[in-house]
K.L.:
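One structure, pasted below without further comment.
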Amino acid sequence: DVKVTQSSRYLVKRTGEKVFLECVQDMDHENMFWYRQDPGLGLRLIYFSYDVKMKEKGDIPEGYSVSREKKERFSLILESASTNQTSMYLCASEQVRDGYTFGSGTRLTVV
Amino acid sequence: AQSVTQPDIHITVSEGASLELRCNYSYGATPYLFWYVQSPGQGLQLLLKYFSGDTLVQGIKGFEAEFKRSQSSFNLRKPSVHWSDAAEYFCAGVGDTDKLIFGTGTRLQVFP
């Protein structure tokens with residue numbers, strides 16, 4: 001089975017900190033995605049990547065950036081964390097519309 | 001714009017009762033459609049998917065879903081709910097943008 005691993009389950013960061021959320025998949029998938037999940041809003045796409053060093057903005061990219069230096073790793077970066085970025089962050093990988101495989105999520109609290 | 005709508009925010013059923021969770025989509029062409037389940041504090045697990053062909057698809061944990069083009073629906077069903085089915089359920093679709101779009105989710109509560 002494909003495994004998508006997010007490095008942290010819970011994080012607490014201070015306002016203004018630079019935050020890195022790491023995601024690694026072990027099945028050589030081309031496509032990777034970052035979503036945030038908030039009550040009543042469902043999952044919203046932040047950024048996605050179809051290949052190494054390639055990135056595309058999703059629906060809510062403001063305040064975020066991403067890095068994909070290796071195929072298996074897709075990092076989400078909060079350049080200067082703010083309280084409105086407190087959320088659950090979910091990473092996913094996909095092989096050609098076969099359904100996404102999600103990590104367990106990182107619950108980020110910005111204080 | 002392409003969208004997926006789950007009209008029910010919260011549903012409560014008794015254990016052993018049947019279940020239907022509603023999902024409507026808005027896509028120009030036939031989309032790829034999915035149902036995911038999320039237990040508290042966990043990531044999302046794929047229950048089933050529809051790409052083409054037979055409009056009734058079977059998934060894991062005894063779930064099934066039926067694609068109805070005339071109603072733009074992809075409702076999830078289970079004939080007899082178990083207490084362990086209590087979770088949040090997400091319908092999602094991929095259209096011509098190649099991006100997976102989620103509904104806002106339906107929280108299922110199961111009473112003994």
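Letters A, B, ... mirror the listed sequences (proteins, then strands); counts begin at 1.
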K.L.:
Search all heavy atoms of B/Phe90 against all heavy atoms of A/Leu43 and return the closest pair with its distance.
P.N.:
CE2-CD1, 3.7 Å
K.L.:
Which region of B/Leu44, side chain (C-beta onward) or backbone (N, CA, C, O), has a non-hydrogen atom less than 4.5 Å from a non-hydrogen atom of chain A, or is it both or neither?
P.N.:
both
K.L.:
Are A/Tyr35 and B/Leu46 joined in one hydrophobic group, where the rule is that I, L, V, M, F, W and Y side chains link up if heavy atoms are under 4.5 Å apart?
P.N.:
yes
K.L.:
Tell me, for A/Arg9 versus chain B, whether the close heavy atoms (under 4.5 Å) come from the side chain, the backbone, both or neither.
P.N.:
side chain
K.L.:
Would you please indicate if the ring centroids of A/Tyr100 and B/Tyr36 are separated by under 6.0 Å?
P.N.:
no
K.L.:
Which bit of A/Glu56 is near chain B, if near means a heavy-atom gap under 4.5 Å: side chain, backbone, both or neither?
P.N.:
neither
K.L.:
Which answer fits A/Leu45, side chain, backbone, both or neither, if we ask what part of it has an atom under 4.5 Å from a heavy atom of chain B?
P.N.:
side chain
K.L.:
Can you hop from A/Tyr10 to A/Leu108 via hydrophobic side chains spaced under 4.5 Å?
P.N.:
no
K.L.:
Apply side-chain contact (heavy atoms from CB on, under 4.5 Å) to the pair A/Leu90 and B/Gln38, showing each step before the final yes or no.
P.N.:
CA-CA 12 Å; A/Leu90 290 163; B/Gln38 184 181 35; 4.2 Å; yes
K.L.:
How would you list, in number order, the residues of residues 103-112 of chain B that have a heavy atom less than 4.5 Å from chain A?
P.N.:
B/Gly103, B/Thr104
K.L.:
Check whether B/Leu48 and B/Ile101 end up in the same hydrophobic cluster, where Ile, Leu, Val, Met, Phe, Trp and Tyr are linked by side-chain heavy atoms less than 4.5 Å apart.
P.N.:
yes
K.L.:
Non-hydrogen atoms of chain A under 4.5 Å away: do they reach the side chain of B/Gln45, the backbone, both or neither?
P.N.:
neither
K.L.:
Just checking B/Leu56: does its CG atom have more than 12 heavy atoms from other residues, nucleotides or ligands closer to it than 6.0 angstrom?
P.N.:
yes
K.L.:
Using a 6.0 Å cut-off, check whether atom CZ of A/Arg107 has over 12 heavy atoms from anything other than its own residue.
P.N.:
no
K.L.:
According to a hydrophobic-cluster definition based on side-chain heavy atoms being under 4.5 Å apart (Ile, Leu, Val, Met, Phe, Trp, Tyr only), do A/Tyr50 and B/Val94 belong together?
P.N.:
yes
K.L.:
Does A/Phe74 belong to the same Ile/Leu/Val/Met/Phe/Trp/Tyr cluster as A/Leu78, with side-chain heavy atoms less than 4.5 Å apart forming each link?
P.N.:
yes
